[in-house]
Amino acid sequence: MQQEHLDDHPDASMAQALEQARTDLALTQRETIQAIFKTMESRDAYTAGHQKQVALIAAAIAEELGLSADDIQSIYLAGLVHDIGKIAIPSEILTKPSRLTHIEMQLVQQHAQIGYEILKDVPFPWPIAEMVHQHHERMDGSGYPQKLSGDEICIGARILAVADTIESMAFHRPYRVALGLKAAMDVIRACAGKELDQSVAQATLRVMGELQTLDKLLERKF
Ligand SMILES: [Fe+2]
């Protein structure tokens, strides 16, 4: 009697088809985020470059924390579009070469909520919209827009907060020159367990605490 091959079993082939459909859907969603990123890049190359670097720094931290490949991927993708809400902020404010006024700052801060509104109805298998919404929240409740604290902030947003801080300090800003990686690490050390998540900050210091530059890390592909 011929032994039935596992792949010939209807349940096995259905499971295979389902797995393939899941893989295809994940690929489509990944490409959708890449398309949003490219759209933003054509409008505002500066913000897009910042997002790409934050995404790569965040992915390296997520890896050091031992998160799953799927979680690392989702944090990378959220990083790529985390400032999508800035599309609604006048570019004169985003590129203003001097400090922002209080009113301008309030306007810029709306980008976290706007980004969430743009992404919230897309059925991504990952909490992309939540990460975007929460990336300016702080562990001690001093962030925005919802003034969340501690465990109310998802892990992806806690990682993006650290990555955003590093990128903002290590690189040039329209209103100031780059402060450098060492200065960024000093801030991560000082804010660990206060504004920034303790374990995320520690993982960051392990991965890049001794680096002179982020060049190698920013060449990686995810
Ligand atoms: Fe932001």
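For ligands, and for the atoms within them, numbers begin at 1 and follow the listed sequence. Computation of the quantities below employed the complete heavy-atom set of this structure, encompassing side-chain atoms and omitting hydrogens, waters and symmetry-equivalent molecules.
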Restricting to N, O or S atoms, which atom of H135 is closest to the Fe ion (ligand 1)?
NE2
For the Fe ion (ligand 1), angle spanned by H111 NE2 and H136 NE2 (nearest 10°) is 90°
Short side-chain donor-acceptor distance under 3.5 Å, Q16 and Q20:
no
Please find out if the Fe ion (ligand 1) and some N, O or S atom of D83 are separated by less than 2.8 Å.
yes
Step through it carefully: locate the ring centre of H50, locate the ring centre of H82, and say whether they are under 6.0 Å apart.
yes
Ionic contact status for R22 with E19, cut-off 4.0 Å:
yes
Just checking: H82, one of its N/O/S atoms, less than 2.8 Å away from the Fe ion (ligand 1), yes or no?
no
Name the one of I114, I93, L94 that satisfies side-chain contact (heavy atoms from CB on, under 4.5 Å) with K86?
L94
